[in-house]
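Some notes on the structure that comes next.
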Amino acid sequence: MKSRLHAPFFVVLLIGAASGADNRPAGTLSFEALMASVATPPAPEKMPSEEEARLAYSVSDEAMKLRKAAVLEKAVDIIPDDKPSGKQSLRVDLARLMRHPQDEEAWKNVELVAPFDGKSAHFTKIMLAYTYGKHKDVLPPGMLEVLRRQAESYEEFLGTGTENHIAMQRVAGSIFGAAFPEMKTAYGISGRELEDLTLEWMPRYAKAVYATSMKEYLSMIYLGVHNEIWLTAAQYGPTENSRAIGQAMLDWIWADLAVNTHLSQTLPPSTRAKLMLDHSAPMIHPSTHAQWLAWLYWGDLRSRPGSDPLPPVAAAMSKKTKSSKMKEGNEGYQTAIIPSITELSPNEVIRNLGAKKVALPYMLLQSRAHGSFVGAMATNPFLKHKDKPEAEITRNHLRSAYIARDYSIGAGYFRKDDSGDNEQYMHLLPSAITYRSADLLNSIFVSHPYWYAGEPHGNKDEASKVFGLDCWLGKSPFEQSVHWENTVIHLFNIPDEDPYVAAAKPKEAAKWTDSRLKSPLKKVCVYVPESIDETRQTPWGWVLREGNVFISLRPVNTTTTTWEACTNDVQKGYKRLILEGSLIGLVVEVGDAAEHGTFDAFTAKVGNATPQLAGKRLDHTSTRSIPFSLQYDDSSWFPKASVKGAPLDFENWPVCESPYVTSRNGVLDVNDGKNGFTVTWQGDKPAYAAYKKP
């Protein structure tokens, strides 16, 4: 399907004090003017009737109910494992109890897992809290006492951990504290006092998220977990205010996912995306937790009236499947079960935005806070390891995304962090291009393999090879970029010896091993699906085509460039373009038939411009006549970059700026071009207001 011409957005970007055609020289725009252009609504768009019908179906209540029913149809036949941890099995229990509230096998498993307090017990506790909230009026004999005993003995309701760990602990603690107010907890305080402490955390954390964002934003894995947590709070929180905060957190998560979802994908950058280390790349059907949520709430590229198929692996699950096996080859299905049980779902405005039943294209700028605020909000008198609040919550990860009808681009900017929290960079997905396709894979990734370059990998017939080029995940400290609209410029400055390895502290045992090379790989990879329709070499680089979407890859200052197939199972279906050198530039530009007419015309227009590399500065003018400048900054991970002569002001990057979602001063505003709503924090309570667009 062809997209509309992108000229209206381009014109908006050029407009300053004057209107109409703008032929002023570059250098006249400020960062504020660039930001204003981002917030400008797209011009009305005429979509083909087939696409309109698909989107109308995808966002309908009927379609969402059918998708939820399909998830539950599989879940009720899954067998709860005979294991003490309920991390997966409690979700299955809840599905079975949805069908038969007195399902003996389900309640037997609830009793088995309730006392569990080992590693990952927080997953069990939040699901037990949901179980109690939903079924407290029909509990079998003795079950109330089982739940009371586990609430009395658990020592981590006021504990620490990652963002999702803390939220699971606190929300579960509030529900059980209210359920058993007279119990004596492991902290030596009553249930009522536990409830008070957990409820005191809730508005402080939620307000911080609204003001600065989550740390685990758009995580392929943990977004689904956060969704379960706040569904639990919104439905079964012990007070009206805790339930209102739960709903406000859901609306923040749902709006963030919706504005960053397109063509069945969640646009990078995304944190804790470690599924791409040992699982696979995202696909056009749900293959990550975030994708499952998006599909459940507003469908995907496969959605058609009367048809919304489950992913193949999920569809193939049988009645013999055990709960511990339901995630094998099918990551995310397990976190779709709870949102399929509940009647709570994103409102029509959010669903329209998520499915892209809105005018396109639009651009998005977002900033994400340093994760220290998570621990700071969690402090309490019983926390064994207290985190000190920062004097100022800094902007840590910055995002920009461009969403056209048939393609999208997401890219990130990252602050140098000397805290030693490498995990947040090891498992980042920094950038990607996604295009409309019926093929299984529809995303292109650019990466300097860095974090696992020295670790042996799983190619059994190539045991001498290191992880190296097979690792496409992580933010390299030697890459800087600038993105605007349809163009991303990368500059890689790879040293002979890695100063970060030399300065690193002794390794500690961890689930994910930090395995870098003292001499970094001087290779950059572009990972492209083998299924892409056309790959064409030109005198200056390569152009790719999928249907009516065109992509140019223009290397700068490379010593060699080669293509090879990816043989690792995680990258099955991909090939990679390998760029070798020490100081490497790469200009990536995307267009479509509606903007350029033909693939040949796009190729010729891209070839008319010549990127200029001088020292560590790369300058380029895109096919939309937008000048870019990227100066590699050795003192920072933020580059010195400008678009149309306007320096990008990373320290004043907005929390969220776009035509459809904005977040300013703790106020979230979401609209679909016709209707909208705001969430404003007044004291410790979120206040809602609905409106219609003029």
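FYI, side chains are in, hydrogens and waters are out, and symmetry mates aren't considered; it's all heavy atoms of this structure. Quick note: residue numbers are just sequence positions, from 1. What you see is a predicted model; the values in this text were computed from it and never measured.
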Does W451 form a ring-ring contact (aromatic ring centres under 6.0 Å, His included) with Y425? I'd like the steps, not just the answer. CA-CA 9 Å; W451 287 101; Y425 294 114; 7.1 Å; no
I want to know whether Y435 and Y407 have ring centres closer than 6.0 Å. no
Counting only N and O atoms by type, is there a donor-acceptor contact under 3.5 Å from the side chain of K207 to the main-chain atoms of G683? yes
Under 6.0 Å between the ring centres of Y660 and Y362? yes
Taking the inter-plane angle between the rings of W637 and Y500 on a 0 to 90° scale, is it parallel (under 30°), tilted (30 to 60°) or perpendicular (over 60°)? perpendicular
Spell out, as yes or no, whether a donor-acceptor pair under 3.5 Å connects the side chain of R415 to the backbone of H397. no
Under 3.5 Å donor-acceptor, T379 side chain and G375 backbone: no
Any chance you could lay out the ring-ring contact (aromatic ring centres under 6.0 Å, His included) test for Y691 and F677, step after step, and finish with the verdict? CA-CA 6 Å; Y691 64 87; F677 67 93; 8.2 Å; no
Under the criterion ring-ring contact (aromatic ring centres under 6.0 Å, His included), I'd like the reasoning laid out for Y413 against F650: C-alpha separation, chi angles, the key distance, then a yes or no. CA-CA 8 Å; Y413 309 89; F650 299 117; 4.9 Å; yes
Is there a donor-acceptor contact under 3.5 Å linking the side chains of N227 and Y297? yes
With a 4.5 Å cut-off on side-chain heavy atoms, are F492 and V446 touching? yes
Do S367 side-chain atoms and P654 backbone N/O form a donor-acceptor pair below 3.5 Å? yes
Nearest-0.5 Å distance that lies between atom CG in L586 and atom CZ in R554: 11.0 Å
Using a 3.5 Å distance criterion without hydrogens, assess whether the side chain of E163 forms a donor-acceptor pair with backbone atoms of K215. yes
How many angstroms lie between atom NZ of K674 and atom CD of E348, to the nearest 0.5 angstrom? 9.0 Å
Pairing donors with acceptors under 3.5 angstrom, does anything connect the side chains of T623 and K605? no
Using atom types as modelled and distance alone, determine if a side-chain donor or acceptor of R272 lies under 3.5 Å from a backbone N or O of Q424. no
Is it the case that the side chain of K356 and the backbone of T261 share a donor-acceptor pair, with hydrogens and angles ignored and the cut-off at 3.5 Å? yes
With a 4.0 Å cut-off on N to O distance, would you call E45 and R405 a salt bridge? yes
Hydrogens and angles aside, do R395 and N652 bring a side-chain donor and acceptor to less than 3.5 Å of each other? no
Would you call D633 and R617 a salt bridge, taking side-chain N to carboxylate O under 4.0 Å as the test? no
Closest non-hydrogen atoms of N241 and D684, given as atom of the first, atom of the second and distance, are ND2-O, 3.3 Å
Measure the shortest side-chain to side-chain distance between F414 and N396 over non-hydrogen atoms and say whether it is less than 4.5 angstrom. no
Ion pair check, E595 and R624, cut-off under 4.0 Å: yes
Could you check, using the six-membered ring where one of them is a Trp, whether F445 and Y527 have ring centers closer than 6.0 angstrom? no
Verdict with supporting geometry, F628 and W484, ring-ring contact (aromatic ring centres under 6.0 Å, His included): CA-CA 9 Å; F628 291 76; W484 204 262; 8.2 Å; no
Please determine, by modelled atom types, if H490 and E479 share a side-chain donor-acceptor pair under 3.5 angstrom. yes
Can you list the steps and then say if N675 with K692 is a side chain to side chain donor-acceptor pair (under 3.5 Å)? CA-CA 4 Å; N675 301 297; K692 287 187 176 293; 3.0 Å; yes
Side-chain H-bond candidate by donor/acceptor type, D669 with T662, under 3.5 Å: no
Aromatic ring proximity, centroids under 6.0 angstrom, Y452 and W472: no
Taking side chain to side chain donor-acceptor pair (under 3.5 Å) as the test, write out the residues that go with H448, two or more places apart. S476
